[in-house]
2 protein chains.
Amino acid sequence: MATATLERPKAATGGRCCPPAAGPALAEDEAAAYAGWFKALADPTRIRILNLLAQSEDAVCVCDIVDHFPLGQPTISHHLKILRDVRFVVAERRGTYMHYRVNRACLEEFPDAARRILNV
Amino acid sequence: MATATLERPKAATGGRCCPPAAGPALAEDEAAAYAGWFKALADPTRIRILNLLAQSEDAVCVCDIVDHFPLGQPTISHHLKILRDVRFVVAERRGTYMHYRVNRACLEEFPDAARRILNV
DNA sequence: GCCCTGTATCGACATCCGTCAATATAGATC
DNA sequence: GATCTATATTGACGGATGTCGATACAGGGC
């Protein structure tokens, strides 16, 4: 049979270069979920917004956040939306003002995510 | 003096909307370092490559990685470079083949990063 | 030396992302 | 309701990013 020649040739050695190596255990959509999560953290401004919110006991209003960055209000609002979408922060209305605070419950899942990716 | 009118007007209330809120404790470059770190994880393929490498006791050669993804070899090589640049993986030559493995030491810093960002 | 195979790099392309200015929306006060 | 202020949304623009095909580089076998 020609079946043998249908295998991966793998150079002149004709053999494998290393043990079979199982495919990724993470399904594509699970990996995408984690990636979307990390994507929300893949910007210095968002990291610092999170850090700023984490330093305050109570929620902080948007205008106060804007004051701490050399960026326009729409840009900050944009970043806050991204952080909201992945639930890293939660917003709360107080009259005209919007107050934001970190969602610790969500961020504490981090070590678990690392463990799952590295399956340790 | 007109000094009072130089303060933030803050609506008709004339006062602050919330307690002062310290700026972010993370310096801009430190935040950028963390962001660059997360950026390397902000892609499903890279997450799954990491996961694949983490499942194997010993290092895995590039051709084996390529076999597990519906992407071209140059693309996988590109992702591996990004993971190498942030030291999430390390490469090792064995003859013609390149073998990659996860750098656990580096990835284990994760919980610390989370703690530093959330200053808990 | 030459060729073959595995990996990295380059150049191009489409898409995504961060930023801004302008505008829309929501709530409070009058 | 009219107006004012805080926040969100929109549209546009430049730069980054993921992907590919083509090519360059490296090491082993002849």
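Letters A, B, ... are given to chains in the order of the sequence lines, protein chains preceding strands, and every chain is numbered from 1.
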Checklist entry - Heavy-atom contacts under 4.0 Å between residues 77-85 of chain B and DNA chain D, which residues? => result B:H78, B:H79, B:I82
Next on the checklist: What is the separation between atom OH on B:Y100 and atom P on C:dG6, rounded to the nearest whole Å?
Outcome noted: 15 Å
Next on the checklist: For a quick check of understanding: with a heavy-atom distance under 4.0 Å over all strands, which category does B:R94 fall into, base, sugar-phosphate or nothing?
Outcome noted: nothing
Checklist entry - Which nucleotide in the set D:dG27, D:dT7, D:dT17 lies at the smallest distance from any side-chain heavy atom of A:C61? => result D:dT7
Checklist entry - Rounded to whole angstroms, how far apart are NZ on A:K39 and C1' on C:dG18? => result 14 Å
Item to check | Under 3.5 Å donor-acceptor, A:N103 side chain and A:V90 backbone | outcome: no
Next on the checklist: For A:R94, I'd like to know if atom CZ has over 12 heavy atoms of other residues, nucleotides or ligands within 6.0 Å.
Outcome noted: yes
Item to check | Phosphate contact (D:dA6 OP1 or OP2) by A:R93 side-chain N/O below 4.0 Å | outcome: no
Next on the checklist: When you measure from the side-chain N and O atoms of A:T75 to the phosphate of C:dC20, is any distance below 4.0 Å, counting only OP1 and OP2?
Outcome noted: yes
Checklist entry - Among the nucleotides D:dT9, D:dT7, C:dG18, which one has an atom lying closest to any side-chain atom of A:P74? => result D:dT9
Checklist outcome for this item: Separation of C:dG6 atom C1' from B:Q73 atom CD, nearest Å, is 8 Å
Checklist outcome for this item: When the rotation axes relating C1' atoms of four end pairs to the next four are compared across the helix from C:dG1-D:dC30 to C:dC30-D:dG1, five pairs an end, they differ to 10° by 20°
Checklist entry - Just how far, in rounded Å, is P of C:dT9 from CD1 of B:I76? => result 15 Å
Checklist entry - Given A:K81 and A:D85, is the salt bridge (Lys or Arg N to Asp or Glu O under 4.0 Å) satisfied, shown in steps? => result CA-CA 6 Å; A:K81 176 172 172 46; A:D85 285 347; 3.6 Å; yes
Next on the checklist: Can you confirm whether B:E92 is buried at CD, in the sense that more than 12 heavy atoms of other residues, nucleotides or ligands lie under 6.0 Å from that atom?
Outcome noted: yes
Item to check | Which nucleotide in D:dT19, C:dG18, C:dC17 has an atom nearest any side-chain atom of B:L71 | outcome: D:dT19
Checklist entry - Of A:A91 and B:P70, whose closest DNA chain D nucleotide lies nearer the 5' terminus? => result A:A91
Next on the checklist: For the backbone of B:K39 and the side chain of B:R46, can you confirm whether one donor and one acceptor N or O come within less than 3.5 Å of each other?
Outcome noted: yes
Checklist entry - Separation of B:D64 atom CG from C:dT5 atom P, in whole Å? => result 18 Å
Item to check | Same apolar cluster: B:F69 and B:Y100, side chain cutoff 4.5 Å | outcome: yes
Next on the checklist: How many whole angstroms separate atom CD1 of B:I47 from atom P of D:dG18?
Outcome noted: 12 Å
Checklist entry - What about B:I82 and B:F38, same hydrophobic cluster or not, with Ile/Leu/Val/Met/Phe/Trp/Tyr joined at side-chain heavy-atom distances under 4.5 Å? => result no
Item to check | Nearest-Å distance for atom pair CZ/C1', residues A:F69 and C:dC20 | outcome: 17 Å
Next on the checklist: Any non-hydrogen side-chain atom of B:R101 less than 4.5 Å from a side-chain atom of B:D58?
Outcome noted: no
Checklist outcome for this item: To the nearest angstrom, the OH-P distance between A:Y97 and C:dA28 comes to 11 Å
Item to check | Within the 6.0 Å centroid threshold, strictly below: B:F110 and B:Y34 | outcome: no
Next on the checklist: Nearest heavy atom decides the nucleotide; on that basis, is A:G72 or A:G95 closer to the 5' end of DNA chain C?
Outcome noted: A:G72
Item to check | Contacts of type side chain to side chain contact (heavy atoms under 4.5 Å, CB included), residue B:R104, not counting sequence neighbours | outcome: A:L118, A:V120, B:A54, B:V102, B:E108
